[in-house]
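Comments concern the structure below.
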Protein chains: 2
Amino acid sequence: MNSPGARKPNINTTAIDINDYFKVAISVDCVIFGFDDNTLKVLLIKCNLEEYKGCWSLLGDLVLPEEDLDTASYRVLKERTGLDDLYLEQVQTFGGLNRHPAGRVVTIAYYSLVNIRHHQLKLSDNELHWHPLKDIRTMAFDHKMILDASYSQLQKNIQEKPLVFKLLGNKFSLRELQNLYEAILCTKLDRRNFRKKISTMGLLIDINETESDVPHRPGKLYRFNHQKYQKELEKPDGKINKQ
Amino acid sequence: MNSPGARKPNINTTAIDINDYFKVAISVDCVIFGFDDNTLKVLLIKCNLEEYKGCWSLLGDLVLPEEDLDTASYRVLKERTGLDDLYLEQVQTFGGLNRHPAGRVVTIAYYSLVNIRHHQLKLSDNELHWHPLKDIRTMAFDHKMILDASYSQLQKNIQEKPLVFKLLGNKFSLRELQNLYEAILCTKLDRRNFRKKISTMGLLIDINETESDVPHRPGKLYRFNHQKYQKELEKPDGKINKQ
DNA sequence: TCAAAAGTGTTTCAGGTACACCCATGG
DNA sequence: CCATGGGTGTACCTGAAACACTTTTGA
């Protein structure tokens, strides 16, 4: 049937003019996670395509001819949230044949973590909305699949790297931090064990402040020690990056 | 500068004709791992492009207009190794501006695990060659980056799933299995602890055979219990897929 | 004084690591 | 009989999990 090893013209081995090839577009789609009201949320935009009228979609755009994939994602984030320097991670690429009504569009999915408070004011355009992750049932295109894949990857990643701090403000209580982990992992955690583990990792700074306006004993506030974490990353045999 | 939330025409929200867009090609590149001679190897092909004369490249090809990404990878594997049903996993997508001299080519990287013995006979075309992973210094295009990313992902994945058996024959000794883990992880493992761990996972079947032609006491041979592993995967709360 | 959450230690268990000796085979 | 790797068990350590009471604040 096939002839194994036969030398067909191939873009990796022989000269091919890609202009003779076919029409395909490349897009990026960003799953932007935020945490608010003890709930993990995702920023979505209303889709006006005839085929998906009224559905919500991820924030994405075509990649420009002279634009890197990561650059395109940062551009989308900047345009939609007004924020620079967000955490961004490539998740997976989706290239199903009929995933987009405009034609063949291959999309590279990213997820991003933002502090929802920093962003809130810029939501003037009300086609944009933060949706609780749990409430999202259907989406435009194959975006529900992309969301699911991104969320799974987020769940994995927060167990390996201290990413959650990107979802919180500068100051936070241990309760907030635990609520966030519980929201992402969909579990209940034991408070004592949780605090022990956090304190073992030694990356929080006690800023000698306490919560205010709470109808009970206020908790202490902490901030994440970025410097220390950076240094641990740079150590050749740090615990964090080992195997 | 930017206007956050402004409604620019966007492929996710408004109708756009992608034919008005730009020329880009999509390819897949497969990192095909094999294990032979106690060494982890990668199947490469000689590149005949002027720019990379004499360099080795990954096996890849343009994705056809009516072809899924996974389908394209399986096609490349089939064409080059003659083998069906190989294990295939998407790794990451590379879309740097000048990664390919033919123009803008965005490539989706996959890795695959094959039993090098099943394949060996089909290597009639000697532009194809198995290279020890350690010896590979430079490659055509950005393929060294792709290889590195794929290898990292392989190292991670074999600690989570019993993938290594796809690199071995049906029958194997515990020594072979350990050598394989050591080759992939680049470490030495304690023999007793290794055997204990393997036996704890309970996925090997003792086939009551022993090695032959070895100049010392022959080891027992085992095979991987696919059925049992499949069943564990299907359990809702199996150890393997938890989290 | 009550309600609500903050804060805190000990015990148990499982999995990982370190480590040394006798055994079976081929030459 | 010797060289080579096969095969095996125990002690220790670390990290995860289970679990309950006292303290502080606001209302």
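In what follows, every chain begins at residue 1, and chains take the letters A, B, ... in the order their sequences are listed.
Atom-to-atom, CZ of B:Arg191 to P of C:dA20 comes out at 13 Å; the value is rounded to the nearest Å. In this structure, A:Gln159 places its CD atom 17 Å from P of D:dG15, rounding to the nearest Å. Spacing between atom CE of A:Met201 and atom C1' of D:dT14 amounts to 19 Å, rounded to whole angstrom units. Distance A:Lys196 NZ to D:dA20 P: 14 Å, rounded to the nearest Å. Look at NZ on A:Lys220: it is 13 Å from C1' on D:dT24, rounded to the nearest Å. As a whole-Å value, the separation of A:Arg195 CZ from D:dG15 P is 21 Å. Atom P of nucleotide C:dG16 and atom CD1 of B:Ile198 are separated by 11 Å, given to the nearest angstrom. When rounded to the nearest whole Å, the span between CZ of B:Arg175 and C1' of C:dA24 equals 15 Å.
Scanning both residues, B:Gly95 and B:Val106, for their nearest heavy atoms gives CA-CG2, 4.1 Å.
For the pair A:Gln153/A:Tyr111, a side-chain contact is recorded, criterion being any heavy-atom separation below 4.5 Å from C-beta on.
The shortest distance between the side-chain N/O atoms of B:Arg192 and the OP1/OP2 oxygens of C:dC19 is not below 4.0 Å.
For B:Arg217 and D:dT4, a side-chain-to-base donor-acceptor distance below 3.5 Å is absent, hydrogens and geometry of angles not being considered. Side-chain atoms of B:Asn193 and base atoms of C:dA18 include a donor and an acceptor less than 3.5 Å apart. If you check distances only, the side chain of B:Lys197 never reaches the base of C:dT17 with a donor-acceptor pair under 3.5 Å.
Taking the nucleotide of DNA chain D with the nearest heavy atom to each of A:His216 and A:Asp190, the more 5' of the two is matched to A:Asp190.
Heavy-atom neighbours of A:Arg223 CZ from other residues, nucleotides or ligands within 6.0 Å: at or below the threshold of 12.
Classified by interplanar angle (parallel below 30°, tilted 30° to 60°, perpendicular above 60°), the ring pair B:His131/B:Trp56 is perpendicular.
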